[in-house]
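Written out below as C-alpha cells is the structure these notes cover.
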Number of protein chains: 2
Amino acid sequence: MIDTLIEHINSKISKPLTENEIQLLSEIFQPKKLRKHQYLIQSGDVCKHAAFVVKGALKKYTIDQTGKENILELYIENWWAGDKESFMIGTPTPYYIDAYDDTEILIITKEDFTNKLTKLPFITELNNVLTERQSFQLMKRLHSSQTLTAEQKLEQLQDTYPEFFQRFPQHIIASYLGMTKETLSRIRKASTRK
Amino acid sequence: MIDTLIEHINSKISKPLTENEIQLLSEIFQPKKLRKHQYLIQSGDVCKHAAFVVKGALKKYTIDQTGKENILELYIENWWAGDKESFMIGTPTPYYIDAYDDTEILIITKEDFTNKLTKLPFITELNNVLTERQSFQLMKRLHSSQTLTAEQKLEQLQDTYPEFFQRFPQHIIASYLGMTKETLSRIRKASTRK
DNA sequence: AAAAAACGTTGACATAGGTCAACGTTTTCT
DNA sequence: AGAAAACGTTGACCTATGTCAACGTTTTTT
C-alpha cells in the first residue's frame, strides 16, 4: 500500500525520495479501511489526520437545515482527503467526509506530521505543490460556479474529471456541481439529443 | 513604501526579517503607480510580476462573449495582486486586472523572485502561509456560491470584508458576489426594510 | 459651467433551475 | 428469494434571479 503513496509523492517533488525517507514514511503512515458510508470526519470534529486514498472513493459535504447534502469535493485513488484548514489550524471542521465505497486509506496523525515530517524538505515541497494546485483549481471552480450554465458545468466536469462519471452516481455529481439531480438528468437528456 | 511590505511580511512569518533581508527586498521590489483604469495584466498575458498593493484598489475579472465583466477578486492595501498560476507556471492568464483607483504597488519580476528570493526560508514560509490562506478562503467562497441565496451572500460579505463596501461601488460588489447590480440593489432595499 | 459618464433604482417581463410527487428500474440487504 | 433502499426520469408547477429599458442623481471630464 505504501508504494502507492511513495509513487504519488515522487511524482510531485523534484528529486526522488531516499531509502531513509521511504522507511520513515512506512513507519508513520498507518493503513485504515473504511466501510461504505463510514465517516472519516464529521462536522464539529477537529481533523486530526491527513488521509491519502489508496483505493475507493469519498465525498466531502455539508448538511443544511433541511438535511440536504452539499458536496464540495470528491476523492478517489491518489487524492488527499481531509479538511486541511481544520488539520492545520485546529479549528472544528464544518464538513462531513465519508466513504462512498469501501475504501483504503493511509493516515498520519497531526503529531507525527508536525514532529516527524514538517522539518523534511520534501514535505515542504509536496505541501506547497499540493496547496498551490488546490488553490488554482478552486479559483477555476469558483469562476465556473459563478459564470457557467448547468450544461456548461457538466461539460467542463466531463473534460476535467471524466473518471468521476464512472465512480459516482448522478445525484452525487449533481450536488458536486451545485445543481439538483433533476436538473442534471434533464441536461443530460437534452445534450444527448444533439 | 517598502515599510508597508516589510510590516506585512513580518505579520505573516514566524521570525522577523533581518536587516539583510530587508535590504534585499528594498533592492528587488520596484514601486509603480497605476492610474485609475490602467491594466496590471490583460487576458492572454503571461503574468511576469508579483504585485503588492501599498495604496489603492484593483479588480481581477474575466470578460465573457457579451462583454460582461465577471469579477473574481478585489484587492486593496496589503493584498497581493496577480495571477499566481500564470506567474508560477508561465501559462497565459485568462484574467484582466486593473486599477479601480489610482494605485501604488511594489512589483518584483519573476526572474528576481526565482533567482534571488526562492532560496530564502522566509519566502517559502510566506508563500506557504499565503497560498494556504487563499485556498481556505476559496473553499468557503465556492461553498457560499453554491449554497447561499443572494441575500445571504451579501450578509456574509458584509461580515467578512466590510471594507469593500467603502471602497467599491455596488455594481462591482454585485459582480464579485456573482449577481447583477439590480439584484443587489433590490436585496439591499429589502433588508434595510427589516 | 456644461456635457458626459458613472452609478443606483425601479418596473415589467423572461427564464433557468428548483421543488414536489410519482413511477419504474436496479442494486443492496436479510 | 423477497423486501427495502438507492437511483434516475419525468411532469407540473414555482421562484429567485436575470434582462431590458427608463430615469434621476452624483461624479468626472473638458
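Chain letters run A, B, ... following the sequence lines, proteins first and then strands; every chain starts at 1. Computed from a predicted structure; not experimentally measured.
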Query raised in the report: Quick one: B/R188 CZ to C/dT10 C1', roughly how many Å, whole number?
Result: 15 Å
Query raised in the report: Nearest-Å distance, CG (B/D102) to C1' (D/dT27)?
Result: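 Taking atom C1' of D/dT27 as the reference, CG of B/D102 is at 15 Å.
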Query - With B/S11 via side-chain contact (heavy atoms from CB on, under 4.5 Å) - residues at least two apart - result: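 Partners of B/S11 by the side-chain contact (heavy atoms from CB on, under 4.5 Å) criterion come out as none, since no residue qualifies.
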Set of residues satisfying side-chain hydrogen bond (donor to acceptor under 3.5 Å, both in side chains) with respect to [X], sequence neighbours excluded:
{"X": "B/T183", "value": "B/T180"}
{"X": "B/Q156", "value": "B/S144"}
{"X": "B/E27", "value": "B/Q23"}

For residues 34-51 of chain A, please give each side-chain donor-acceptor pair under 3.5 Å, one per line with the distance, not counting sequence neighbours.
| unit_1 | atom_1 | unit_2 | atom_2 | d |
| --- | --- | --- | --- | --- |
| A/Q38 | OE1 | A/R35 | N | 2.9 |
| A/D45 | OD2 | A/Q42 | N | 2.9 |

Query - Annotated protein contacts, base or backbone, on nucleotides 16-30 of chain C with a non-hydrogen cut-off under 4.0 Å, one of B, S, - each - result: -SSBBB---------
**Report entry** Residues in contact with DNA chain D, drawn from residues 156-172 of chain A - heavy-atom cutoff 4.0 Å
**Finding:** A/P169, A/Q170, A/H171
Query raised in the report: A/T149 versus A/Q152: any side-chain heavy-atom pair under 4.5 Å?
Result: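 SC-SC contact between A/T149 and A/Q152 confirmed.
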Tabulate below the donor-acceptor pairs under 3.5 Å that side-chain atoms of residues 105-123 of chain A make, not counting sequence neighbours, or state none.
| unit_1 | atom_1 | unit_2 | atom_2 | d |
| --- | --- | --- | --- | --- |
| A/T109 | OG1 | A/D112 | N | 3.0 |
| A/K110 | NZ | A/F87 | O | 2.8 |
| A/K110 | NZ | A/M88 | O | 3.0 |
| A/T114 | OG1 | A/K110 | O | 2.8 |
| A/N115 | ND2 | A/E111 | O | 3.2 |
| A/T118 | OG1 | A/F113 | O | 3.0 |
| A/T118 | OG1 | A/T114 | O | 3.2 |
| A/K119 | NZ | A/N115 | O | 2.9 |

**Report entry** N/O (side chain, B/K189) to phosphate O (OP1/OP2, C/dT9) under 4.0 Å
**Finding:**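 Answer is no, no contact under 4.0 Å.
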Does any pair with a residue in [range] pass salt bridge (charged side-chain N to carboxylate O under 4.0 Å, His left out), and if so which ones, sequence neighbours excluded?
{"range": "residues 75-99 of chain A", "answer": "A/K59-A/D98, A/E77-A/R167, A/K84-B/E132, A/E85-B/K140"}
{"range": "residues 14-24 of chain A", "answer": "none"}
{"range": "residues 169-179 of chain A", "answer": "none"}

Report task. Kindly calculate the angle separating the two end axes of the helix from C/dA1-D/dT30 to C/dT30-D/dA1, each obtained from five base pairs, and round it to 10 degrees. Result ->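 Taking five pairs per end, the axes differ by 60°.
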